[in-house]
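To keep things clear, I will list the structure first and then write my remarks on it.
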Amino acid sequence: MTEEQFDELIHGACEAYVKEEAEKFLAIDTTDAHEPSKRFKLKMNRLFRERVGGNYIPHPEVDNWFERARSRVIKHINILKSKNG
């Protein structure tokens, strides 16, 4: 077997594999997407408040006074750490 024949054989095998995987991927049903959990939503809100800043939070439906106060304290701690270090 020559190098060209080997390359052709590998190319054909890879192409067949990619087509098969693409068909499997396209066959996945995405209509029943799940709702993110409450914990995930809280963590995303924290991330936006404490790291991104601004007034926007992605999931206001799980927001409460405790989370707002917690994030305020964490932001102050981070400011103090950045001033000292």
**Asked** Nearest 0.5 Å, what's the CD1-CZ distance between Ile77 and Arg72?
**Response** 13.0 Å
**Reported CZ-to-CD1 distance for the pair Arg49 and Ile74, which is rounded to 0.5 angstrom** = 12.5 Å
**Asked** Under 4.0 Å between a Lys/Arg side-chain N and an Asp/Glu carboxylate O for Glu50 and Lys43?
**Response** no
**Asked** What distance do Glu67 atom CD and Asn45 atom CG have between them, rounded to the nearest 0.5 Å?
**Response** 7.5 Å
**Asked** Hey, what else clusters with Val52 if you join Ile, Leu, Val, Met, Phe, Trp, Tyr whenever side-chain heavy atoms sit under 4.5 Å?
**Response** Phe40, Met44, Leu47, Phe48, Tyr56
**Message:** Quick one, Ile79 with Lys83, criterion side chain to side chain contact (heavy atoms under 4.5 Å, CB included). Give me CA distance, side-chain angles, the key distance, then yes/no.
**Reply:** CA-CA 6 Å; Ile79 290 170; Lys83 287 182 180 178; 3.9 Å; yes
**Request:** Would you sort out whether Asn78 and Lys75 count as a side chain to side chain contact (heavy atoms under 4.5 Å, CB included), showing the intermediate values?
**Result:** CA-CA 5 Å; Asn78 288 339; Lys75 283 196 308 193; 5.6 Å; no
Could you pull out every donor-acceptor pair under 3.5 Å between side chains of residues 11-26 and any protein atom, sequence neighbours left out?
| residue | atom | partner | partner atom | Å |
| --- | --- | --- | --- | --- |
| His11 | NE2 | Glu15 | OE1 | 3.4 |

**Message:** Heavy-atom count check: over 12 atoms from other residues, nucleotides or ligands less than 6.0 Å from Asn55 CG?
**Reply:** no
**Asked** OG1 of Thr2 to CD of Glu8: how many Å apart, nearest 0.5 Å?
**Response** 8.5 Å
**Prompt:** Are Glu35 and Lys41 close enough for a salt bridge, meaning some N to O gap below 4.0 Å?
**Reply:** yes
**Request:** Could you walk me through whether His59 and Val62 pass the side chain to side chain contact (heavy atoms under 4.5 Å, CB included) test, one step at a time?
**Result:** CA-CA 6 Å; His59 303 287; Val62 295; 4.1 Å; yes
**Message:** Within the supplied structure, the quantity of interest is the number of heavy atoms (other residues, nucleotides, ligands) at a distance under 6.0 Å from Glu61 CD; does it exceed 12?
**Reply:** yes
**Asked** Does a side-chain N-to-carboxylate-O contact under 4.0 Å join Asp63 and Arg46?
**Response** no
